[in-house]
Amino acid sequence: MPELPEVETIKRDLSKLIAGGKILDLTTDSAKQVLPSLEKVEKAIVGTTIAKIGRRAKLLQIFLSNNKILVFHLKLTGRILIREKGAPKDDWQHITIKLKVENGNLPAGKAGLKNKNLELRFCDSRKFGWVKLMTNEELRITNQEYGPEPLGDLSLKTFREIVASTRRPIKVLLLDQKKIAGIGNIYANDALNLAKIHPARKSNQLTNEETKKLFNAIKKVLKAGIKCRGASDQYYLDALGHRGSYQDHFLVYARAGKPCRNCDGKIEKMKLAGRGTYFCSECQK
DNA sequence: AGTCGCCTGGTA
DNA sequence: TACCAGGCGACT
């Protein structure tokens, strides 16, 4: 499931692969995922060029030369793949944006993509994801609805305020995008294990010391995720279709019954607010 | 705070 | 064949 590190990886890939490219065409077999409508988006984007790529929370943003922004949410199973025109159809390929990329800061070994007709393919098994055309003002409002970026503007002081503001379980708070942006189930579970905090602990009952440890643990696991180019547990692939490797370093996520990497304990699984929650009851108190 | 819906593929 | 996976909004 694409969370902050996965979307950040795609953002960096796209910056190299398609920045400067011209949009030729938009097609889909799943119009419900194109907002506000296929017709409006197609009309607005065809003929524009890609100015830059951005990310906010789990949203991927493609800034266009006409001041509009294409915003993608990958939800659980979304992929954004860059392929050469005519490449074999990808699994669950539902939205295709044809591009002409004259040049670009292509990575080593990808010089062959220069002056090529490429396709940005949005693939999504579950069809929960979407792409939405926004104005600058709409994007500003959307960005405002998210909490601070854990690898950006989130300070320890602000984090302390957020943690102290609620009695909800700390893990549920970490998943609340309005409070803190970009953390999903994988990194929430792992950050709590690294900080040795039980996921069901009431947020406002964390000590100052625990809060600081958690703040640092969040940054650490997110940075590890980015360094590994994301977690390819099931669906996630980067923009060139390659798997990430953070799944090889999961501390607790999806590791029920396996040994804790911190202590002699065994990873347990529970439900918290309806979501699978993994922890070690030996070292997470 | 809990449940449902959006969907589909993988697993018990 | 039933159930589970989970981001996130809507509803109760």
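Residue numbers start from 1 in every chain, and the chains themselves are labelled A, B, ... in the order their sequence lines are given, proteins ahead of strands.
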Exercise for review: Kindly state each residue pair satisfying ring pair (Phe, Tyr, Trp, His ring centres under 6.0 Å) with at least one member in residues 2-45 of chain A, sequence neighbours excluded.
Suggested key: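 Listed by first then second residue: nothing to list.
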**Study point:** ring pair (Phe, Tyr, Trp, His ring centres under 6.0 Å): pairs with one or both residues in residues 66-87 of chain A, sequence neighbours excluded
**Key:**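 Applying ring pair (Phe, Tyr, Trp, His ring centres under 6.0 Å) to every pair that reaches into residues 66-87 of chain A, excluding sequence neighbours, yields A/F72-A/F122, A/H73-A/W130.
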Review point. How would you list all residue pairs meeting salt bridge (charged side-chain N to carboxylate O under 4.0 Å, His left out) that involve residues 145-157 of chain A, not counting sequence neighbours?
Key: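 Only A/R55-A/E149, A/R56-A/E149, A/K157-A/E161 qualify under salt bridge (charged side-chain N to carboxylate O under 4.0 Å, His left out).
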Review point. Could you give all pairs that pass the salt bridge (charged side-chain N to carboxylate O under 4.0 Å, His left out) test and reach residues 234-246 of chain A, with sequence neighbours left out?
Key: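 Qualifying pairs: A/R229-A/D238.
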Check your understanding: Any side-chain N or O of A/K127 under 4.0 Å from OP1/OP2 of B/dC6?
Key ->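 For B/dC6, neither OP1 nor OP2 has a side-chain N or O of A/K127 closer than 4.0 Å.
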Point to revise | C/dA5 phosphate, OP1 or OP2, under 4.0 Å from A/K269 side-chain N/O | key: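 Affirmative; the distance criterion is met.
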Check your understanding: What's the CZ-C1' distance between A/R79 and B/dG9, to the nearest Å?
Key ->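 Going from CZ in A/R79 over to C1' in B/dG9 covers 12 Å.
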Exercise for review: Provide, to the nearest angstrom, the distance between the CG atom belonging to A/D29 and the C1' atom belonging to B/dT8.
Suggested key: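 So the two atoms are 14 Å apart, to the nearest Å.
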**Study point:** Sequence-distant partners of A/F215, ring-ring contact (aromatic ring centres under 6.0 Å, His included), two or more places apart
**Key:**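 By the ring-ring contact (aromatic ring centres under 6.0 Å, His included) rule, A/F215 matches A/F159.
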Looking at residues at least two apart in the chain, or sitting in another chain, which of them share a side-chain hydrogen bond (donor to acceptor under 3.5 Å, both in side chains) with [X]?
X	answer
A/H94	A/D29
A/T77	A/D124
A/R121	A/D90, A/Q93, A/E119

Exercise for review: Give A/G276 one of three labels, base, sugar-phosphate or nothing, depending on what nucleic acid heavy atoms sit under 4.0 Å from its own.
Suggested key: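 Sugar-phosphate contact only.
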Could you list, one pair per line, each protein nitrogen or oxygen that sits under 3.5 Å from a nitrogen or oxygen of nucleotides 7-11 of chain C, together with the distance?
unit_1	atom_1	unit_2	atom_2	d
C/dG7	OP1	A/N185	N	3.2
C/dG7	OP2	A/R275	NH1	2.9
C/dC8	OP1	A/H73	NE2	2.5
C/dC8	OP2	A/K58	NZ	3.2

Check your understanding: Where the side chain of A/Q177 meets the backbone of A/G182, is there a donor-acceptor pair that is under 3.5 Å apart?
Key ->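 Checked: pair present.
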Practice item. Rounded to the nearest 0.5 Å, what's the gap from CD1 on A/I82 to CG on A/L99? Could you check? Key: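 Rounded to the nearest 0.5 Å, the CD1-CG separation comes to 6.5 Å.
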Practice item. Please measure how far the P atom in B/dC6 lies from the corresponding atom in C/dT1, and state the result in whole Å. Key: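 Here B/dC6 and C/dT1 have their P atoms 23 Å from each other.
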Exercise for review: For A/S125 and for A/A273, find the nucleotide of DNA chain B with the closest heavy atom, then tell me which residue's nucleotide is more 5'.
Suggested key: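 It is A/A273, whose closest nucleotide lies nearer the 5' terminus.
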Give the table of side-chain donor-acceptor pairs shorter than 3.5 Å for residues 265-281 of chain A, with sequence neighbours excluded, one pair per line with atom names and distance.
unit_1	atom_1	unit_2	atom_2	d
A/E268	OE2	A/S281	OG	2.4
A/K269	NZ	A/Y278	OH	3.4
A/T277	OG1	A/K171	NZ	2.8
A/T277	OG1	A/R275	O	3.0

Under-3.5 Å N/O pairs linking protein and nucleotides 10-12 of chain B:
none

Check your understanding: With Watson-Crick and G-U wobble geometry limited to distances under 3.5 Å, how should the secondary structure of DNA chain C be encoded in dot-bracket form, using | for bases paired to another strand and [ ] for crossing pairs?
Key -> |||||.||||||
